Undergrad: 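The following block contains the structure, expressed as structure tokens.
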Amino acid sequence: MTSEVVIDVQQKDISIALLEDKNLVEYQSETRSASFSVGNIYVAKVKKLMPGLNACFVNVGYERDAFLHYLDLGNQFDSYQKYLKQVQSDRKKLYPFSKASRLPDLPKEGTIQNKLKVGDEVLVQIVKEPISTKGPRLTAELSFAGRYLVLIPFNDKVSVSSKIKSGEERARLKQLIQSIKPKNFGVIVRTVAEGKRVAELDTELKILLKRWEDAVVKVQKTQTRPQLVYEETSRVVALLRDLFNPSYENIYVNDTDIFKEVKQYVTLIAPEKAEIVKLYSGNVPIFDNFNVTKQIKSSFGKIVNYKHGAYLIIEHTEALHVVDVNSGNRTRSTNGQEANALDVNLGAADELARQLRLRDMGGIIVVDFIDMNLAEDRQILYERMCKNMQKDRARHNILPLSKFGLMQITRQRVRPAMDVNVEETCPTCFGKGKIKSSILFTEQLENKIDRLVNKIGVKKFYLHVHPYVAAYINQGIISLKRKWQIKYGMGVHVVSSQKMAFLQYEFYDCNKEFIDMKEEIETK
């Protein structure tokens with residue numbers, strides 16, 4: 001199996017697609033201005049105590065206050081609070097962390113009101129992003145994740161991932177980390193650290209220590225609350241940190257700055273793989289070039305088709321996700337209804353495992369498979385689903401089919417499920433139902449080009465249109481595009497974009513930045 005990562009960087013957002021054998025299996029998209037991310041650390045104030053829940057609400061700057069439970073304060077909460085006061089007591093000289101004292105562990109049966117009061121300052125980290133009507137979920141037990149290691153202040157333990165099975169390797173890693181880690185820090189050794197040399201682990205440990213030190217300095221120097229003191233690495237790098245594996249053949253990026261950032265990170269963690277990071281500079285949109293746009297449009301939405309006419313219906317409620325499996329207009333198997341049901345269900349299991357990763361669906365998922373009478377067929381389906389989910393990084397639990405033919409799945413949820421709207425609003429009537437005659441569309445485009453060149457003074461630009469419209473503009477020896485170039489200069493470029501609706505168009509300058517040339521008044 002080959003894996004490729006395609007990164008589409010736009011002015012307002014960044015989208016990341018992971019392809020396995022050219023099939024889209026993971027997709028992340030977020031605005032570039034998004035400030036709430038799992039891993040961010042804030043120094044913030046307690047806003048409200050909730051003794052009945054044994055929790056409190058903390059203001060971290062989000063419209064809804066974040067939730068912090070007593071059990072999420074961590075064993076060394078008292079140590080953090082004491083060190084926080086020591087750091088803030090002197091704005092000029094930083095209190096050294098090596099001298100910080102570790103206080104006794106927090107009792108598990110304690111209450112929130114005995115530890116905190118309204119207005120107290122706490123150092124907290126986001127562990128779950130805002131979802132629906134809920135604010136972020138917090139922890140006061142901080143951690144800094146790298147590719148090989150996770151650094152935990154006020155924790156002296158060294159733990160090794162249970163997925164490293166070799167006892168000799170586990171002992172080597174534990175002894176190695178014990179010898180290089182500084183005082184007052186604990187370390188979790190991740191699975192990918194297996195077989196790594198001391199130099200690689202020591203380099204990453206120093207990087208993680210620097211992040212902690214920078215966060216503490218920011219706490220010391222700033223007085224505004226809430227204050228972001230540590231921002232998780234960019235979404236692109238964070239995804240690569242968790243996903244990167246030697247099977248990656250290519251990482252394509254269409255932005256120079258992000259390309260440099262990704263190249264630098266890959267060079268750091270896997271120098272021999274630095275050459276797989278490539279800058280995409282083609283005129284065709286990067287997602288169109290790698291057939292990602294088409295897969296996004298066919299894979300999201302309420303109805304998802306898979307093999308031989310069968311399809312899934314995916315519904316989302318406040319409490320859970322519901323998936324219904326339908327055989328559709330599929331031709332029935334000559335082996336009978338039971339064989340047909342098994343075949344449809346196995347195909348649904350394959351597609352559903354992909355959809356869970358693709359949409360990042362979390363919480364409770366209930367799947368209504370087609371009824372099967374034979375117990376061995378139900379077992380085959382259960383085993384197929386378990387096998388498919390082995391590739392999923394998120395923690396999950398799958399139960400065998402119930403008496404009613406329902407399969408229940410729970411999957412770790414740390415951010416809202418990816419919801420991509422694949423329906424297209426008419427770009428020319430803005431939902432009013434009336435447009436100018438479509439035969440005049442190219443004249444409308446020419447008027448825009450004339451205004452752009454002769455009034456605004458943009459001589460080189462890219463006009464993105466639907467592939468059908470692009471084909472019409474480019475057809476013939478003396479095409480419409482050639483006529484525009486003769487009239488307005490050779491800076492006129494027409495780009496076929498699958499993202500565009502039929503009569504939609506967008507202009508971009510030579511730096512690939514969007515030029516707003518739309519006017520709603522045109523539709524009247």
Side-chain angles (χ1 to χ4, degrees), residues 30 33-47 55-88 91 94-97 100 102 106 115-116 119-131 135-147 149-155 182 184-188 190 204-239 241-242 414-415:
E30 66 178 34
S33 60
S35 58
F36 286 87
S37 176
V38 171
N40 284 2
I41 297 176
Y42 293 82
V43 56
K45 287 190 175 183
V46 176
K47 194 169 182 183
C56 65
F57 286 104
V58 180
N59 176 22
V60 292
Y62 187 64
E63 58 181 329
R64 288 185 180 273
D65 292 329
F67 182 80
L68 177 63
H69 194 274
Y70 176 82
L71 294 177
D72 291 324
L73 293 179
N75 291 334
Q76 286 298 311
F77 179 71
D78 289 338
S79 303
Y80 274 109
Q81 289 300 93
K82 182 179 179 180
Y83 185 62
L84 187 63
K85 290 176 182 176
Q86 289 170 331
V87 166
Q88 292 177 319
R91 300 286 178 185
L94 184 65
Y95 189 84
F97 187 67
R102 292 182 73 240
L106 203 69
K115 284 295 164 189
L116 291 171
D120 279 358
E121 290 191 5
V122 286
L123 206 54
V124 289
Q125 186 170 32
I126 294 181
V127 292
K128 187 181 286 188
E129 287 185 6
I131 295 174
R137 179 79 182 253
L138 303 176
T139 180
E141 193 168 19
L142 310 184
S143 62
F144 296 82
R147 173 145 175 82
L149 308 171
V150 179
L151 184 72
I152 306 172
F154 287 116
N155 185 334
N184 278 340
F185 286 101
V187 175
I188 298 173
R190 304 182 76 174
E204 182 166 272
L205 186 61
K206 287 175 180 174
I207 292 171
L208 298 178
L209 280 168
K210 182 72 167 57
R211 291 178 185 173
W212 161 251
E213 289 164 3
D214 290 346
V216 173
V217 168
K218 207 163 185 180
V219 171
Q220 180 198 26
K221 299 293 184 186
T222 59
Q223 296 184 11
T224 56
R225 301 290 183 263
Q227 175 68 47
L228 175 66
V229 295
Y230 167 71
E231 189 167 12
E232 179 62 291
T233 50
S234 69
R235 187 76 199 111
V236 175
V237 171
L239 185 78
R241 183 191 67 204
D242 296 334
V414 295
R415 58 179 56 87

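Remember, predicted model here, so these are calculated numbers, not experimental data.
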Undergrad: If I compare all heavy atoms of Cys56 with all of Val46, which pair ends up nearest, and what's the gap?
TA: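 It is CB-CG1, 4.1 Å.
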Undergrad: Test Asn40 against Val60 for side chain to side chain contact (heavy atoms under 4.5 Å, CB included), laying out the working first.
TA: CA-CA 10 Å; Asn40 284 2; Val60 292; over 6 Å; no
Undergrad: I would like to know whether Gln88 and Gln223 meet side chain to side chain contact (heavy atoms under 4.5 Å, CB included); could you show each step before the answer?
TA: CA-CA 9 Å; Gln88 292 177 319; Gln223 296 184 11; over 6 Å; no
Undergrad: Could you pull out the closest heavy-atom pair between Pro153 and Tyr80, with the gap in Å?
TA: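 For Pro153 and Tyr80, the tightest heavy-atom pair comes out as O-OH, 3.2 Å.
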Undergrad: Looking at Arg102, is its backbone amide N or carbonyl O close enough to the side chain of Gln76 to form a donor-acceptor pair, meaning the two atoms are under 3.5 Å apart?
TA: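 No, because the side chain of Gln76 does not come within donor-acceptor range (under 3.5 Å) of the backbone of Arg102.
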Undergrad: Kindly indicate whether the side chain of Leu142, heavy atoms from C-beta on, has any atom under 4.5 Å from the side chain of Trp212.
TA: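 Yes - at least one pair of side-chain heavy atoms lies under 4.5 Å apart.
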Undergrad: When you measure from the side chain of Gln86 to the backbone of Ala100, do you find a donor-acceptor pair of N or O atoms at a distance under 3.5 Å?
TA: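 No, Gln86 side chain to Ala100 backbone: no donor-acceptor pair under 3.5 Å.
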Undergrad: Atom CG of Leu94 and atom NZ of Lys221: how far apart are they, to the nearest 0.5 Å?
TA: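 Rounded to the nearest 0.5 Å, the CG-NZ separation comes out at 8.0 Å.
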Undergrad: For Leu73 and Ala140, work out which heavy atoms get closest and say how close.
TA: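 Scanning both residues completely, I find the closest heavy atoms to be O-CB, 3.4 Å.
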Undergrad: When you measure from the side chain of Gln125 to the backbone of Thr139, do you find a donor-acceptor pair of N or O atoms at a distance under 3.5 Å?
TA: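 No, Gln125 side chain to Thr139 backbone: no donor-acceptor pair under 3.5 Å.
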Undergrad: Return the CG to CG distance between Leu106 and Leu71, rounded to the nearest 0.5 Å.
TA: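 Leu106 CG to Leu71 CG: 9.0 Å, rounded to 0.5 Å.
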Undergrad: Can you tell me how far apart CG (Leu209) and CD (Glu204) are? Round to the nearest 0.5 Å.
TA: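 So the gap between those two atoms works out to 11.0 Å.
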Undergrad: If you take all heavy atoms of Gly61 and Pro226, which pair is closest and at what distance?
TA: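 Residues Gly61 and Pro226, closest heavy atoms: N-CG, 3.5 Å.
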Undergrad: Going by heavy atoms in the side chains, are Leu208 and Val187 under 4.5 Å from each other?
TA: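 SC-SC contact between Leu208 and Val187 ruled out.
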Undergrad: Flag the pair Ile126 / Tyr42 as yes when at least one side-chain heavy-atom distance between them is below 4.5 Å, and no otherwise.
TA: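 Ile126 reaches Tyr42 side chain to side chain.
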Undergrad: What pair of heavy atoms forms the shortest contact from Ala215 to Tyr230, and how long is it?
TA: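 Reported closest heavy-atom pair: CB-CB, 4.1 Å.
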Undergrad: Over 60° means perpendicular and under 30° means parallel, so classify the ring planes of Phe185 and Phe97, tilted if in between.
TA: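 Plane angle between 30° and 60°, so tilted.
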Undergrad: Using 0.5 Å steps for rounding, measure from the CZ atom of Phe77 to the CG atom of Leu116.
TA: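 One gets 4.0 Å once the value is rounded to the nearest 0.5 Å.
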Undergrad: Please report the interatomic distance CG(Asn184) to CD1(Ile152), rounded to the nearest 0.5 Å.
TA: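 Atom-to-atom, Asn184:CG and Ile152:CD1 are 13.5 Å apart.
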Undergrad: Would you mind reporting whether Asp72 and Val127 have side-chain heavy atoms less than 4.5 Å apart?
TA: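 Answer no - side chains too far apart.
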Undergrad: Does Gln81 reach the side chain of Lys115, with side-chain heavy atoms less than 4.5 Å apart?
TA: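 A side-chain contact under 4.5 Å is absent here.
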Undergrad: Between Arg64 and Pro136, which heavy-atom pair has the shortest distance, and what is it?
TA: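 Looking at all heavy atoms of both residues, the shortest contact is O-CD, 3.9 Å.
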Undergrad: Are any of the side-chain heavy atoms of Ile207 and Arg211 separated by less than 4.5 Å?
TA: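 They are in contact (side-chain heavy atoms under 4.5 Å apart), so the answer is yes.
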Undergrad: Is the closest side-chain heavy-atom distance between Ile41 and Val124 below 4.5 Å?
TA: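 No; the side chains remain at least 4.5 Å from each other.
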Undergrad: When Glu121 is tested against each of Lys85, Arg225, Lys45 for side-chain hydrogen bond (donor to acceptor under 3.5 Å, both in side chains), which residue passes?
TA: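 Single side-chain hydrogen bond (donor to acceptor under 3.5 Å, both in side chains) partner of Glu121 among Lys85, Arg225, Lys45: Arg225.
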Undergrad: Distance from Lys210 atom NZ to Leu151 atom CG, nearest 0.5 Å?
TA: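 Atom-to-atom, Lys210:NZ and Leu151:CG are 14.0 Å apart.
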